[in-house]
Number of protein chains: 2
Amino acid sequence: MSGFQRYKKILDLFSEERSFWTVLEISKSLKTPSSTIYRIVREMVTAEFLESASGSYFRLGPAFIKFNRIINFSDPLVRAGQPFLKKLANENPITSVNVLARLYGNNVMCVADYKSPTFKKNTSYQRGKLMPLIYGATSRAIIMQITGKRLENLINLENFKSDEDKTNFLKELKNDRKKGYCFTEGQVDKGLIGFAVSISNKKLGIVASLSSIFNLDDFLLEHEPIIYANLTTYGLLVEKYINEIFDDIQKYHHETNSMR
Amino acid sequence: MSGFQRYKKILDLFSEERSFWTVLEISKSLKTPSSTIYRIVREMVTAEFLESASGSYFRLGPAFIKFNRIINFSDPLVRAGQPFLKKLANENPITSVNVLARLYGNNVMCVADYKSPTFKKNTSYQRGKLMPLIYGATSRAIIMQITGKRLENLINLENFKSDEDKTNFLKELKNDRKKGYCFTEGQVDKGLIGFAVSISNKKLGIVASLSSIFNLDDFLLEHEPIIYANLTTYGLLVEKYINEIFDDIQKYHHETNSMR
DNA sequence: AAAAGAATTATCATATTATGATAATTAGTA
DNA sequence: TACTAATTATCATAATATGATAATTCTTTT
């Protein structure tokens, strides 16, 4: 183990289900002597990436909250898209969850969400949560932007039941790419349906989507055109704002860099 | 520079105001050759603690969103307190911002907040934001739990205008400690007032506070007893739940550790 | 399409740092 | 108080990071 990996491996042990670890547990789990782990953990506590509780337990530290906040207030995708989620919810014909998601490594991650106050069911789409790559409209509108070898690599990581399933998926992907939007039913949460459009920004390396999720029971066919119109309109708006934000950033850097 | 510091120093460059950095900018700023920075940045991109955009810019990576989410869903303080913030807001006699905050290094950090929908003004208390240690009721209810050398060290980091100011502050602290709650006016945001109670859990090393912030203009003297009653009641409830959560965690560890 | 320039990665000898077994200390508990 | 568990210190050795430079790749311009 070397470099940043040394620290990452420890952080990766912490999960929602298991958020407290003792040094001995870490040591066993990583098959590394406890004297080494003690030293590393101490470093990370100093840096506030870990925090110690009594009973010799350690948990994730407040640094993550701090940096998360910085991202939240400065990430172009979040900044550009967040304000529209509520509007989208209000203009949708039925109660909805609205989600901004992006490619995150080999997964899709939700980066912002807004649920209508009247939406009762719990959904799998919540900020920070990793989502499966091949299920749900939210993910589809992301993966359909990817082509060639990159797509192949991503797809090969997934466990399709059969080769037929895989071929079907790729066919659907192609279709949706042409249409410019996606629809899926119950792929992530039972009883829910999703609609999504792609969002991207080449300069910023953003591969993302904007989606609305509804209760199947609430949905009528006549809602469809309105839903697509809303998503398309706001999707374009979000892209426009991302561009503007990036331009501002570049301008700022040119100014400050030329000041010396 | 060695160990985790090497990585931390780079991360610490990123802020809300300046969220994009090029390798060259980092290299200049840290007075370290760019070949070294390139290597380190690449490592962090792999670990998803940094992310590259085009134009050779880098920004904070999605790992922070992921770990933040884990904290959000597993931190005993947040888990115990978050659900009460809305209730507190609803039961307060006037529109309010309600905040859970905790000691974070030498600062106070807000870890959860709920604003009444009718509360219009922007406040400085938002999740993840660092707050001054000696201003505002939210911070006061935290620092008043600290005594002895620890308190002295913390206080000495602050710039009091005069020794008199410092003595006064310590006197007020003592008073509030006796009373069991705090009140301040306009110390953090003009036109706002704050009420706070302490929250702590020795086992978990939690030194925190629960507070309600109001518009000075809305406030009448007759509101005061209700506000204190609410804060006290919910403060105790939060502490009770923190305890229960910790007991669950311990039970879980005993079980899984004895399984081998 | 070629060329120039910028960004990024590779190389490698050397300096620095991490490792882990063990001992020493400290904190927690009965 | 004494006992046990947790944490820190020590240190020789193995492993790794560093940074100057060269090589490569990516972008932009003509």
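Naming: A, B, ... by sequence-line order, numbering from 1 per chain.
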> 5'-most contact on DNA chain D: F4(A) or V23(A), nearest heavy atom basis?
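In this pair, the answer is V23(A).
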> List the steps, then state whether salt bridge (charged side-chain N to carboxylate O under 4.0 Å, His left out) holds for R18(B) with E25(B).
CA-CA 12 Å; R18(B) 183 100 133 85; E25(B) 286 166 350; 3.4 Å; yes
> So what does R39(A) touch, heavy atoms closer than 4.0 Å: a base, only the sugar-phosphate, or nothing?
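Answer is base: heavy atoms of R39(A) come under 4.0 Å of a base.
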> Return no unless some side-chain N or O of T36(B) is found under 4.0 Å from OP1 or OP2 of dG19(D).
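So the side chain of T36(B) is within the cut-off, an N or O lying under 4.0 Å from OP1 or OP2 of dG19(D).
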> Should Y38(A) be listed as having a side-chain N or O under 4.0 Å from OP1 or OP2 of dT8(D)?
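Answer is no, no contact under 4.0 Å.
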> Return the value, rounded to whole Å, for the distance between atom CH2 of W21(B) and atom P of dT8(C).
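Nearest whole value for this atom pair: 16 Å.
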> DNA chain C: R6(B) or L24(B), which has the more 5' nearest nucleotide?
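Per heavy-atom nearest nucleotide, the more 5' residue is L24(B).
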> Separation of L30(B) atom CG from dT18(D) atom P, in whole Å?
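The distance from CG of L30(B) to P of dT18(D) comes to 12 Å, rounded to the nearest Å.
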> Quick one: Y57(A) OH to dG28(C) P, roughly how many Å, whole number?
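To the nearest whole Å, that distance equals 15 Å.
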> Give the nucleotide from the list dT18(D), dA21(C), dT8(C) with an atom nearest to the side chain of F58(B).
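So the side chain of F58(B) is nearest to dT8(C).
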> Write down the distance between NZ (K28(A)) and C1' (dG20(C)), rounded to a whole number of angstrom.
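K28(A) atom NZ is separated from dG20(C) atom C1' by 18 Å.
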> If only side-chain N and O atoms of R42(B) are considered, is one of them under 4.0 Å from the OP1 or OP2 phosphate oxygen of dA10(C)?
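Checking dA10(C) against R42(B), a side-chain N or O does come within under 4.0 Å of OP1 or OP2.
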> OP1 or OP2 of dA20(D) sitting under 4.0 Å from any side-chain N/O of S35(B)?
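For S35(B), the contact criterion (side-chain N or O under 4.0 Å from OP1 or OP2 of dA20(D)) is not met.
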> In whole Å, I'd like the distance from the CD1 atom of I26(A) to the P atom of dT7(D).
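Distance, rounded to whole Å: 10 Å.
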> Starting at CD of Q5(B) and ending at C1' of dT16(D), how long is that distance when rounded to a whole Å?
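Computing the Q5(B):CD to dT16(D):C1' distance gives 18 Å.
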> I want to verify a distance call: between dA17(D), dT19(C), dT7(D), whose nearest atom is closest to the I40(A) side chain?
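Comparing dA17(D), dT19(C), dT7(D) against the side chain of I40(A), the answer is dT19(C).
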> Does a sphere of radius 6.0 Å around CG in D163(B) hold more than 12 heavy atoms from other residues, nucleotides or ligands, not counting ones at 6.0 Å or beyond?
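Check fails, neighbour count at 12 or below.
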> Is D248(A) salt-bridged to R79(A), going by a charged N under 4.0 Å from an acidic O?
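No, this pair does not count.
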> Applying a 4.0 Å non-hydrogen cut-off, can you work out what T32(B) is touching in the nucleic acid: base, sugar-phosphate, or nothing?
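Answer is sugar-phosphate: T32(B) comes under 4.0 Å of backbone atoms only.
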> Round to the nearest Å and state the distance from I37(B) atom CD1 to dT18(D) atom C1'.
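My rounded result for the distance is 11 Å.
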> Can you find a side-chain donor-acceptor pair between N156(A) and K166(A) that sits under 3.5 Å?
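Yes - a donor-acceptor pair under 3.5 Å links their side chains.
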> Quick test of your reading of the model: are D176(B) and K171(B) salt-bridged, counting only N-O distances below 4.0 Å?
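No.
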